[in-house]
Amino acid sequence: MSKEKMQSIEEKWQKRWEEARIFEADADPSRPKIFVTFPYPYVNGDGHLGHLYSQLHTEIYARYKRMKGFNVLFPQGFHATGQPIVAAARRIREGDPKYIKILKTYGFSDEEIKEFGDPRKWIKTFSERWKNALHRMGFSIDWRRSFHTTELNPPYDKFVRWQYNKLREKGFVVKGTHPVVWCPIEKIPIGDHDRKDEYAGIGPEEIVVIKFKMADGTVIPTGTYRPETVYGVTNIWINPDNEYVIAEVDGERWIISEWGAEHLKEQQHDVKIVSKIKGEELVGKGVKNPVTGKEVPILPASFVDPDVATGIVMSVPAHAPYDWIALEDIKKDKETLEKYGIAEIVEKIEPISLIEVEGYSEFPARDAVEKYGVKSQKDVDALEKATDEIYKKEFYTGKLKEIYGEFAGRTVQEVKEDMIKRFKETGAAITMWITPVPIIDRAGHKCLVKIVENQWFLKYSDEKWKEMARETLKTTKFDPEPDARKAVEHTIEWLHDWACTRDVRSSLGTKLPWDDSQYIESLSDSTIYMAYYTIAHYLQNAEKCGINVDALDDAFFDYVFYGKGDPEEIAKRVGTTRDVIESMRREFEYWYPVDLRSTGKDLLQNHVTFSIFHHAAIFPGKHIRRWTANGWVLLNGQKMSKSSGNFITIIQAQERWGADATRFAEAYSGNVTLEDANFDTTIADAMLEELPRWMEFVRKWYNVGTSEYRDIDRWFESKVNRIIKEVDREYEALNTRNIVNLAWFEFWRVVKYYLRRTMNVPNKRVFSKALEDWVKIMAPVTPHIAEEIWHEVFGKESFISLERFPEADEEKIDERTEKTEEYVQRVVEDIREIMKLARVEKPKRVVVILADEWKYDAFGKVREMLENGERNVGKLMEVIPPEHRKEVAKIVTSAVKNPKRIPEVIGTKEEEKRALVEAKTFIEAEVGATTEIVEHYDHPKAKNALPFKPAILVE
RNA sequence: GCGGGGGUGGCCGAGCGGUCAAAGGCGUCGGACUUAAGAUCCGAUGGGCGUAGGCCCUGCGCGGGUUCAACUCCCGCCCCCCGCACCA
């Protein structure tokens, strides 16, 4: 069967399912329900195999549960909140070739690409493409309930506003300030999407500015990450070649780099620039250390960067490699010393040792400078390494010396926070936000860090809220357990307040109900939206239901979700009937909470945890019941990446392999773990051939065979039922790789062996039933071919998608029969092995000689004793009849070393013989020689026979 | 750095105190079938030895340790993936 044929079969069933509306689920209190969701994807591009992998967990579970008799709801919406789409649309408007090229590779015409200047075009196009891709993958989604986010979808927008009003009422949304990377020219926050690529991922960092003072009170601010070393300052470094500004800062006179002054302006300080001053003018002047009161000189150094912090730094040569080497440099630099007349001052400078570190001298900076071979302050790479090493060592393990007074004896780690607090309180320091390196935005503007004031936070630090979140975990299942749970538990503890709003000028979303300058940020608007699915088919078709979207208010949602208020009155206000309002309420009550949500491991630390918090706050008791997290999907063992070309979208996969082969290969990629899964294209290639072949195989063998019921049929039924039982468990656990291993590979193995073993004469009833069960247990993974076989081969009228998943018949699982068959297989293997060793390729005959009667009982006991740990040969020999002890002494002795030597006694001699006789034809076919099964034989080797380990003669 | 997850044969992967030279898949090799190729079926697949179904060595990132016994537990180290906040 060709690929095209497969794809047309798939299309046929997708259409039939759609026409029969079998995936459209409505509340039905007479049936148990399952509600599954997958996070709505962000629609700035096509989905890929990684998305599909997580989604398939949801999809397979939905199909499995449907076949288990549940009323299953699987909806899917789309996410458009945030910056990327807005940024992309803007770049299209600006004619950015990179973005135009991206759209060209999707195959859009030049004319159409222009339309992508409008964010709405992105949302519409890519949500449709997503929908189409999932549809063609055969996903059992109720598309009536689909929607996209942001204020471009008014009913959803209303829902999010309701949610935020609720959170605010409960005190979980609070106002605060927050540092952001900010463009001072355009006056907007600069996120990653607004920056040149090399600046992505860099965020604001808080530093301490120590206020050294000149005799006239002028502040010389020095920025530092290590304020604790202020006790060891020997001098101040300033860059003599730079221009600084003299400014009024909060009523004081400061000398600071211009860029530093700009920062302070944006960080809630009152800054007026008065005049300028060259760095060199300050060289040689003295300033007072505000913490120790000590007078130190200002010295010149070239490494000081005016674009970082205040453009002035303090010098702690004992503990900072940069300072150590700069001091060395200047001591040798006669010219400079002379120029500024500072030779005498420099001469007197001695490093001050502050922190004791094991393995280092009193001046760790010197040690590190020597270790990394730093020659001058221009050896930046080596200096960075040296600094990094010293900082870590001192921070975690160093002990503060006596000079620290009350802080002495502690580690930096322990006292740093307190120290900063103290410095701020005494006016010795302030804190300031900077970027570690200057950031340039797309327009080429240099960005600084601004503290924005109308910033709203979700108060995840709130202990009450945390406690509510923790509480819900008790009744939440995580897969993989406990890995995923641990990640979430940890996040709950450490999560602090989350800035949940964005400037409306750079984003897209739902406006904060009480501040329309802000959009609710993308992770913060997608926490409880699964509830919206339960009523989405009404609200997204508002007109049809007579609902006036404009009139939707908090009272409306209060009724639907909480049952509060008068439905009659609310219905009237929103323009619809009480009936509609009440059925929405019923939908929510019936479907909620979500039973399964599958997601990527990266979301555990944010999105999943947020969702847990928000459910605890808004839908107490109705939190999501089960989360699964999975790793990334590698493609043929390599990381997927667009740029390397090792990348396959869902649509491409469908075109290449169709739905079922792709689904199969995805399922086979991995189980539910946080490790990365691996999509193997050779599997998908193979399955494209294998699945149609499967259908032909089933066709060939369906309703064929004998009505005689043999031991081997019992064996087959046992195997099949065991697989069904195990695969059922794996479906519930969503270990898709195990599912495929059992339902496909293991089942094939059993079927093939059964046919070989029965000389291609299966039991008609048993085999046909097994074939039906087989197709059913594969149906959630490969639903199209299953449906095709169900109808075309089995001639059924119903949809297999709605058939009952087979129940394993425990009675039929028969350990003894399985062991007996393993025994037969072992005999065949042994005969072959002996033929090989005896170099007999075509034996005239094979004689299988059973053990003497007495051995069955005796060796049964020996085996049992060995299993119980008995290793004493004498004790073991006691169960051997005295007259036989001599002949078995050797085997018993060797069994002590290796208990495997004694085979398990599965039954009586009678039964052993019966098994062999029954399998005689098969054995002969396998070994290619007539085989005699005898109870006694006059040959020296005959006495080697053990129960279920017959002696074998190849002649 | 912190937190979470990992490192098993040619590859993908199971195993998570003994029954492990290690399931299953892929690949490779040999055989059957075929005019041939493909598909299919059967067998082999760490190394060595064996005219009797067996035995020996090496082996689960590296180095130590616990234990009668370790891929599995503990300690140290190296490497890889994810998250660390305004990014969806």
Side-chain angles (χ1 to χ4, degrees), chain A residues 39-44 79-85 178-181 189 191-193 200-201 203-204 388 391-392 395-396 452 455 457 460 480 482-491 493-503 507 521-524 526 600-607 609 629 631-632 634 636-637 639 668-671 673-680 682-683 685-686 689-690 693 697 737-738 740-742 744-746 749 752 755-756 826-827 829-840 867 871 894 898-901 926 941 944 949-954:
Chain A
Y40 42 32
Y42 189 70
V43 282
N44 63 340
H79 199 205
T81 307
Q83 299 184 20
I85 286 174
H178 189 65
V180 295
V181 177
D192 279 350
H193 299 284
D388 197 46
Y391 182 77
K392 271 179 213 151
F395 186 79
Y396 294 108
V452 293
Q455 178 64 57
F457 290 85
Y460 293 135
D483 312 359
R485 178 186 299 274
K486 277 199 296 201
V488 169
E489 278 174 345
H490 183 262
T491 309
E493 297 316 311
W494 288 102
L495 200 59
H496 41 270
D497 295 350
W498 178 270
C500 66
T501 59
R502 292 293 171 276
D503 194 301
S507 191
E521 172 270 339
S522 65
L523 284 176
S524 306
S526 48
K601 64 173 168 177
D602 52 322
L603 298 182
L604 288 171
Q605 292 94 334
N606 48 52
H607 180 241
T609 306
W632 278 183
L634 305 177
N636 293 328
K639 213 172 165 176
Y668 191 61
S669 299
N671 285 322
T673 69
L674 299 185
E675 290 171 64
D676 293 348
N678 182 38
F679 185 97
D680 187 342
T682 63
I683 294 287
D685 290 339
E689 311 271 326
E690 290 285 331
R693 207 172 282 144
F697 178 88
R737 188 174 175 116
N738 292 351
V740 166
N741 255 337
L742 286 164
W744 183 259
F745 293 108
E746 174 74 6
R749 224 174 301 124
K752 276 189 223 164
L755 288 177
R756 186 149 59 97
R826 218 158 42 230
V827 169
E829 275 168 35
D830 285 351
I831 294 172
R832 281 190 179 138
E833 177 76 7
I834 291 164
M835 280 163 61
K836 202 177 92 192
L837 287 168
R839 296 193 186 134
V840 182
E867 271 167 12
R871 289 292 182 276
S894 79
N898 185 0
K900 278 189 292 183
R901 297 293 299 270
E926 290 289 300
K941 288 198 190 297
N944 289 343
K949 186 81 178 169
I952 293 164
L953 287 178
V954 176

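As the structure is a prediction and not an experimental result, all values here were calculated from the model.
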Cationic N near anionic O, under 4.0 Å, A/E926 to A/R832
yes
Would you call A/K486 and A/E489 a salt bridge, using N to O less than 4.0 angstrom?
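Here A/K486 does not pair with A/E489 in a salt bridge, since their nearest N and O are not under 4.0 Å apart.
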Relative to each other, are the rings of A/H79 and A/Y40 parallel, tilted or perpendicular (30° and 60° limits)?
parallel
Checking contacts here: which listed nucleotide ([options]) is nearest the side-chain heavy atoms of [X]?
| X | options | answer |
| --- | --- | --- |
| A/Y42 | B/C82, B/A52, B/A88 | B/A88 |
| A/E521 | B/G4, B/G24, B/C87 | B/C87 |
| A/T682 | B/C26, B/C42, B/G6 | B/C26 |
| A/L837 | B/G25, B/C42, B/G50 | B/G50 |
| A/K949 | B/G24, B/A88, B/G53 | B/G53 |
| A/W498 | B/G53, B/C87, B/G43 | B/C87 |
| A/R839 | B/G5, B/C82, B/U51 | B/U51 |
| A/H490 | B/G3, B/U40, B/G6 | B/G3 |
| A/K486 | B/A52, B/G4, B/G24 | B/G4 |
| A/W632 | B/C82, B/C26, B/A52 | B/C82 |

Over all strands shown, is [X] touching base, sugar-phosphate only, or nothing at heavy-atom distances under 4.0 angstrom?
| X | result |
| --- | --- |
| A/E493 | nothing |
| A/S669 | nothing |
| A/P482 | nothing |
| A/D680 | nothing |
| A/Q83 | sugar-phosphate |
| A/V180 | nothing |
| A/N606 | base |
| A/R737 | base |
| A/L953 | base |
| A/H178 | base |

Could you please name the partner base of [N], counting Watson-Crick and G-U wobble pairs only when both distances are under 3.5 Å?
| N | answer |
| --- | --- |
| B/G9 | none |
| B/G27 | B/U45 |
| B/U34 | none |

Expressed in whole Å, how much space separates the [atom1] atoms belonging to [N] and [M]?
| N | M | atom1 | answer |
| --- | --- | --- | --- |
| B/G25 | B/U8 | C1' | 16 Å |
| B/A22 | B/G9 | P | 15 Å |
| B/G63 | B/G24 | C1' | 33 Å |

On RNA chain B, compare the nucleotides closest to A/A484 and A/I683; which residue's is nearer the 5' end?
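It is A/A484, whose closest nucleotide lies nearer the 5' terminus.
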Closest-nucleotide mapping onto RNA chain B: is A/V827 or A/Y668 further toward the 5' terminus? I mean the 5' end.
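Checking each residue's closest nucleotide, the 5'-ward one belongs to A/Y668.
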In whole angstrom, what separates A/L742's CG from B/A23's P?
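Rounded to whole Å, this separation is 16 Å.
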Any donor-acceptor N/O pair, A/K601 side chain to A/L674 backbone, under 3.5 Å:
yes
Dump the intermediate steps for side chain to side chain contact (heavy atoms under 4.5 Å, CB included) on A/N738 and A/Y668, then the final yes or no.
CA-CA 8 Å; A/N738 292 351; A/Y668 191 61; over 6 Å; no
